[in-house]
Amino acid sequence: MNERFDPAQADTRWQAAWDEAQCFKADDSSAKPRSYVLEMFPYPSGRIHIGHVRNYTMGDVLARYKRMKGFEVLHPMGWDAFGMPAENAAMEKGVHPGGWTRENITNMKAQLKRLGFALDWSRELATCEPEYYGQEQSLFLDLYEAGLVYRKESAVNWDPVDQTVLANEQVIDGRGWRSGALVEKRKLSQWFLKITDFAEELLEGLSTLDKWPEKVRTMQENWIGKSQGLQFAFTLSNGETLEVYSTRPDTIFGASFVAVAADHPIAQGVAAGSQEVQDFIALCKQGGTTAAELETAEKLGFDTGITAKHPFTGADLPVYIANFVLMDYGTGAVMAVPGHDQRDFEFATKYDLPILRVVAANAEDADKPFAGEAEAGDGICVNSDFLNGMSVAEAKAAIIARAESGGWGEGKTVWRLRDWGVSRQRYWGTPIPFIHCEVCGVVPVPKKQLPVTLPEDVDFATPGNPLARHATWKHVDCPQCGKPARRETDTLDTFVDSSWYFLRFASQPDDKPFDPAQIREWLPVEQYIGGIEHAILHLLYARFWTRALARIGKIEVKEPFGSLFTQGMVTHEVYSREEDGRPVYFGPSEIERTADGATLKEDGQPVTVGKVIKMSKSKKNVVDPDEIVATYGADAIRWFMLSDSPPERDLPWSEAGIEGCARFVQRLWRLFGQHDAAAEGEDKAVDRKAHQTVAAVAEDVESLGFNKAVARIYELTGVIEKAAPSASRSAAIRTLLLLVSPMMPHLAEEAYATFGEGLVANAAWPEVDPALLVEDEVTIAVQVKGKLRDTLTVAKGTAREELEALALASEKVQRALDGAEVRKVIVVPDRLVNLVA
RNA sequence: GCGGGCGUGGCGGAAUGGUAGACGCCGGGGACUUAAAAUCCCCUGAGCUUUGCUCGUGCGGGUUCGAGUCCCGCCGCCCGCACCA
């Protein structure tokens with residue numbers, strides 16, 4: 001063997017060998033148990049970044065490990081290839097989105113290959129290819145037939161920069177999630193998916209996802225936002241009625257005013273005759289929507305002069321227009337109970353409205369004053385006529401029953417979740433397969449005419465939708481009546497593309513989206529790995545799409561991802577200098593890092609070492625995976641991605657760290673070179689350590705505790721290095737090689753080749769001898785009054801009495817006792833002895 | 001404001017209620033070398049009167065023979081959500 005491992009030549013050689021042997025091709029007809037390991041597929045931006053490397057390395061280690069454990073593993077890769085950046089590139093550089101995207105895919109695929117991932121490239125897919133999006137159109141038509149797709153005129157979130165419609169989820173603090181531009185409201189005819197039909201199911205389903213992070217489940221639960229309450233109508237003094245919704249109908253006797261949103265019809269009606277009201281409404285709409293602004297925003301109201309009659313007391317409650325009431329939730333109007341709702345409390349305080357107590361800890365507290373804030377908690381009803389004495393829950397049920405029997409209201413469940421608007425006025429997306437005919441209306445494209453492909457000749461010189469202004473593309477004959485008609489020019493939200501790609505990976509026939517039999521074999525995905533930023537959007541849509549396909553009988557599985565893991569970001573220090581009052585940033589490659597600071601290589605002068613934050617181009621604190629691979633090899637960067645930080649937390653990148661990893665690669669190489677099949681002799685300690693490590697690393701990998709697995713591998717390496725040559729030592733070297741092979745596959749292959757046993761990629765995970773997991777000697781802690789004073793090395797299973805005697809015999813213990821009488825002795829066998837004096 | 005998470009050496013982090021700081025990085029010392037690189041060995045929480053002792057897991061209490069771990073109350077940081085009736 002060579003003295004040094006040379007990744008530059010070994011990496012590509014083994015990557016070619018795996019391709020040649022088709023090692024990672026998943027066999028659909030395999031008799032082995034299945035394991036589907038999936039990482040979120042990337043957008044083909046052109047270059048992979050270090051976050052991809054971390055994500056895919058984790059998945060790769062798990063996939064390779066599962067293969068070694070005897071599973072038929074599906075570990076595929078593809079491209080989330082539609083979307084805005086390709087059109088931006090077209091506008092900026094004059095390149096075609098298709099050409100730009102496909103070139104990026106070629107580059108990024110080469111980059112992924114250089115990292116040696118065990119992927120089944122035969123199943124590679126790109127959502128921008130007609131083979132994929134044509135099948136998506138077919139599924140879309142199926143959902144349409146099932147009544148889960150519809151069109152409606154709706155006010156949409158219009159992004160003036162991207163010139164497109166955004167879903168609610170894509171609007172963050174009133175700004176487009178991609179462009180950051182302030183979103184406007186516009187009325188457009190839009191395509192929708194009936195995700196609200198699945199609200200209950202999607203909520204219920206969360207409870208079955210016990211291998212998902214609690215945090216993600218909570219976020220989805222909040223997003224779906226189920227609430228139960230009473231909807232009822234007030235009769236107004238002007239003769240109209242006003243529907244309100246309340247989740248606290250038990251507090252109805254505490255209502256002291258009614259509030260409507262600024263854009264509620266009542267408000268609009270009052271505004272028609274009053275400039276003052278119009279000004280107030282304008283003021284309400286002006287308010288910011290960021291968290292900080294909302295928190296400090298003052299409650300503002302305008303008395304309309306109208307009153308509402310209380311259904312029980314008959315009191316006339318003033319109707320206010322209030323800035324804290326939202327038009328798009330519930331009915332856009334609320335009954336305000338200041339005593340038991342903080343917003344109402346603040347409002348009532350400001351406008352000097354009555355604050356009544358209708359819930360108290362007990363009946364004696366019925367007239368207890370409020371301590372400057374509303375009491376939203378549980379208790380019993382007071383000052384509430386027939387509800388008095390009931391708990392909040394009882395009173396809710398009672399009032400709803402009363403309203404329903406009286407016919408003036410009904411119990412109602414309100415959801416925060418809205419239907420999913422999927423229309424995008426863009427070119428680079430899946431064409432929505434419909435035709436608009438003046439005679440027949442909206443007509444689906446017949447399935448045999450699919451795919452509806454995108455035209456190639458498009459211009460991006462002006463903003464707006466290139467499909468809509470294309471000279472010929474949209475002109476077609478109506479499939480029903482044959483008269484001239486017009487194609488739908490909207491394309492689908494790219495989140496639709498990523499809502500079923502995991503099904504297409506499992507099965508990709510030419511003539512249909514997938515084969516249900518294969519879906520049954522592979523799904524659900526055993527382990528899904530990706531970024532937390534997809535906690536709501538992608539993951540909720542994929543769950544919905546899967547359930548929708550299940551409902552119409554296309555598949556059986558209801559939850560696509562059995563276990564979900566969200567990995568942390570890769571971070572790095574920021575280097576900067578102040579120049580002309582603003583910071584100038586430098587990349588890590590321009591910097592010389594010293595013990596207590598950093599200097600710029602170019603001039604040798606110091607730079608400021610800033611915080612460790614997420615890598616971003618604007619701060620220049622990025623490293624290029626390709627450069628790292630070229631310098632240190634694929635195995636070193638893979639090892640770094642797994643080391644030190646727990647995978648769910650952020651991983652701070654450092655140049656010293658990657659060098660340490662590269663050193664360890666060489667250290668292992670030297671150790672592997674010491675493998676000697678002819679060595680003789682047993683070394684029980686080495687045997688034991690090796691077997692314990694196999695068991696522990698298996699456990700760590702299965703729970704994705706890669707940092708712990710790495711630490712154990714270091715330990716075993718240290719033990720073997722120090723051991724004298726023996727058959728045990730050689731066996732341990734071989735074991736170590738197998739353990740690191742999922743993590744450092746190139747190094748492992750290069751060394752394994754000298755054993756003449758074929759590819760380590762096809763090797764089995766080492767068997768564990770349970771007898772060797774148990775130590776026969778243990779170290780016992782001896783404490784005096786809970787403080788460690790000595791340790792004893794004894795045979796495992798030494799009797800309590802003997803341990804106590806040995807402990808008392810210790811000189812150190814006697815000194816610590818200092819003649820005091822031992823009053824109590826606690827013995828935990830094989831663990832410790834505690835002498836209490 | 002609500003929900004969730006986290007606070008352990010210079011740094012990343014280990015620790016079924018049972019020897020705190022595994023493992024790695026940084027740093028220091030030494031060996032090898034003409035020299036360097038590479039490699040190997042040793043040290044590396046703080047303090048002290050250094051065969052050893054004391055303190056030490058954000059702060060203050062508590063439970064326990066024994067608490068980083070459990071309970072109560074604070075402080076700080078991070079993430080998510082948010083005038084959702």
Taking the cut-offs as 6.0 angstrom to the six-membered ring centre and 45 degrees off its axis, would you call A:Arg416 and A:Trp223 a cation-pi pair? yes

Checking A:Arg357 against A:Phe370: charged group under 6.0 Å from the ring centre and within 45 degrees of the axis? yes

Describe the nucleic acid contact of [X] in one word from base, sugar-phosphate, nothing, applying a heavy-atom distance below 4.0 Å.
X: A:Arg712; answer: nothing
X: A:Thr779; answer: base
X: A:Arg217; answer: nothing
X: A:Asp344; answer: nothing
X: A:Tyr714; answer: sugar-phosphate
X: A:Ser246; answer: sugar-phosphate
X: A:Gln783; answer: base
X: A:Val325; answer: base

When you compare the protein's N or O atoms with those of nucleotides 36-46 of chain B, which come within less than 3.5 Å of each other, and at what distance?
{"unit_1": "B:U39", "atom_1": "O3'", "unit_2": "A:Arg670", "atom_2": "NH2", "d": "3.3"}

Please state how far atom [atom1] in [X] lies from atom [atom2] in [N], giving the value in whole angstrom units.
X: A:Ile826; N: B:A67; atom1: CD1; atom2: P; answer: 12 Å
X: A:Glu221; N: B:G4; atom1: CD; atom2: P; answer: 11 Å
X: A:Asn222; N: B:G3; atom1: CG; atom2: P; answer: 11 Å
X: A:Glu648; N: B:G13; atom1: CD; atom2: C1'; answer: 12 Å

Need the pair for [N]. Rule: Watson-Crick or G-U wobble, both distances under 3.5 Å, any strand; none if unpaired.
N: B:G12; value: B:C23
N: B:G1; value: B:C81
N: B:C53; value: B:G47
N: B:C40; value: B:G30

Here's a test of your reading of the structure: between A:Gly786 and A:Gly657, which maps to the more 5' nucleotide of RNA chain B? A:Gly657

Residue mapping more 5' on RNA chain B - nearest nucleotide basis, A:Arg815 or A:Lys787: A:Arg815

Say you pick atom [atom1] in [N] and the same atom in [M]; how far apart are they, in whole Å?
N: B:A36; M: B:A31; atom1: C1'; value: 15 Å
N: B:C74; M: B:G66; atom1: C1'; value: 26 Å
N: B:G17; M: B:U64; atom1: C1'; value: 9 Å
N: B:G7; M: B:U57; atom1: C1'; value: 9 Å

Does OP1 or OP2 of [N] have a side-chain N or O of [X] closer than 4.0 Å?
X: A:Arg789; N: B:U54; answer: yes
X: A:Arg343; N: B:C84; answer: yes
X: A:Lys785; N: B:C65; answer: no
X: A:Lys215; N: B:C81; answer: no

Under-3.5 Å donor-acceptor pair between A:Lys299 side chain and B:C83 base: yes

State, yes or no, whether a side-chain contact exists between A:Phe640 and A:Ile50 at a heavy-atom distance under 4.5 Å. no

Are the side chains of A:Val825 and A:Arg800 in touch, meaning some heavy atoms are under 4.5 Å apart? no

Going by side chain to side chain contact (heavy atoms under 4.5 Å, CB included), A:Val337 matches just one of A:Thr251, A:Leu356, A:Val359, A:Asp250. Which one? A:Thr251

Electrostatic pair A:Asp700-A:Arg712, nearest N-O below 4.0 angstrom: yes

side-chain hydrogen bond (donor to acceptor under 3.5 Å, both in side chains), that's the test. Do A:Glu775 and A:Gln692 meet it? Break it down for me. CA-CA 10 Å; A:Glu775 295 285 355; A:Gln692 286 168 347; 3.1 Å; yes

Please pick, from B:C26, B:C23, B:G13, the nucleotide with the shortest atom-to-atom distance to any side-chain atom of A:Ala656. B:C26

